[in-house]
Amino acid sequence: MSLKTKTIPKKTMSSLTTELVGSLKMKANAVKTTPGHGQAGRHPTRELLDTLSGHKDPGMFGRMFPKLEPLRVSDAKLEDLAKAMVDSSPGSPDGNNDDIPSGFTYLGQFVDHDISLDMTSLGDKEKDPLGIENFRTPSLDLDAIYGLGPDGSPHLYARNPDNKNKPGPKFLIGKNFDTGEGAFRNDLPRNPEGRALIGDHRNDENLLVAQTHLAFLKFHNKVCDIVAGGANPPDNVFMEARRMVTWHYQWMILHDFVERLCGDGIVAKILHDGRKFYRFKRVPYMPVEFSAAAYRLGHSMVRQRYPHNRIFTGADFDLFFGFSGLSGQIVGDLAPVPPTGPLPVSTLPSNWIIDWRRFFKLGDSGGAPVATTPSRKIDPYLVPALAKLPGEDENSLSAILAFRNLKRGVTLGLPSGQDVAAAMRIKNPLTPDEIASDSGGSTDGAVAKQHGMHTATPLWYYILKEAKVRHDGKRLGPVGATIISEVFVGLVHGDHASYLWQRANWKPTLPSAQANDFTMVDLLRLVDDINPLGD
């Protein structure tokens, strides 16, 4: 049976789409409502993607390269490659990427949740389980923090000081459990059983993304103060603050985050020359080349250990999941009083409040300068803490994160890295010898060659190998950089409320180290709660 993508005549597309929805409506994986990373919301299926190939506006999901042949690789070969994709020296400085501080790893996870948040009503999901008509357009609009706004999600907002029966413009901020450092408000707001009251429950999956979410709550609250304290404050402080926060966030993601991953100037180039591969008629979609391959680069950036604050100067990555309400043991009133151990706890302990100086290059902001921890290089290696997923049968292939990623690419019919490079007309694609190469004790290249994957390479692995070979893991190579940068620019440009649509020549206006710019460091300095525990 051929797996080649077929071109479907326009006149039959509507009827085929209707039949597809009918035939798949009852499938268990059509709509996921189970909480947890990678589970909530809708997910693409191979059948849906193949049927909708060539659509100018394919719906929630689609392909950037619908005419390319899918890569077929057996599970046994994928398993061998996945087992070779483990960082054998996770503490070695040779694997560090000093160009990308470790905080960007979790900013990337926060962004992933923002662009993949599905706020479609359950009723619409049941009517349209594949998201062909009823779906939330992926965009960088921060509804992961805003939810449905003060009127639609009042539980996220503090009471209006002028009318306490109504929500005000500011977010609620949670209190910490005092472990001896004093009283702080540096936790997500929580219900009596420890569940975070936030727009996207996935942002309470681990402590580092939770503290990133908290920084954005505080950022909005600070901008509310700026707007309300201006010479001519608007009637609706919330709406103006949200616009300012969202536009500065969009700028920051394109110019501080994307360009760190893809190279300086790439955003301006795309805005000048146009997007060549991520194209849509009116409505942005989520391309599987991005979601199932390129944007999974963050898995390789995770560290085994992190200096978190002055108290925990070398915390294992696994610990950050324990201090969360979604996957850990922050359980509110269910926690024993007094505590019987480090966990469970009612809210985040004060001794686990983050010191942002250790995650972003903040200099002497927040106290005496301390060493900023770098991310790990963008390469084919995952630290042991991430290579085996907790809560899974150790003998199951599903416990191997690299296998999951590789298998997902095959299941969704992703093309090989070589075919994508050829379609992009990349001048210097990876050669088979480069893909088969190894260094520093690695064996992934030899395994790829053993199974013929040095000439027909899974896209996710190709992108990671490309970054290693072309840029020593400091940033993405041409295939990965093109997918990441074009999609992010497209998601912002496709949002009619974004600064690119509303005011193309707009520049940031909030206080920053450099005029007409705004970075994550500028955001944290504006919030001015960089090192709550002090030195």
> Can you tell me if NZ on Lys474 sees more than 12 non-hydrogen neighbours from other groups inside 6.0 Å?
Replying inline: yes
>> Just checking Arg243: does its CZ atom have more than 12 heavy atoms from other residues, nucleotides or ligands closer to it than 6.0 angstrom?
In response: yes
Compute the ring centroids of [X] and [Y], then answer whether they are less than 6.0 Å apart.
X: Phe110; Y: Phe216; result: yes
X: Tyr106; Y: Phe104; result: no
X: His308; Y: Phe320; result: yes
X: His220; Y: Phe238; result: yes
X: Phe518; Y: Phe219; result: yes
X: Phe290; Y: Phe61; result: no

Ignoring hydrogens and geometry beyond distance, is a side-chain donor-acceptor pair present between [X] and [Y] at under 3.5 Å?
X: Arg202; Y: Ser116; value: yes
X: Asp535; Y: Asn531; value: yes
X: Asn176; Y: Arg185; value: no
X: Ser365; Y: Arg525; value: yes
X: Trp251; Y: Asp517; value: yes

Do the non-hydrogen side-chain atoms of [X] and [Y] ever get within less than 4.5 Å of each other?
X: Ser324; Y: Asn206; answer: no
X: Ile253; Y: Val492; answer: no
X: Phe360; Y: Thr373; answer: no

> Sub-3.5 Å donor-acceptor pair from the side chain of Gln250 to the main-chain atoms of Asp141, do we have one?
Replying inline: no
> Can you name the one residue among Asn351, Val370, Asp355 that meets side-chain contact (heavy atoms from CB on, under 4.5 Å) with Asn309?
Replying inline: Asp355
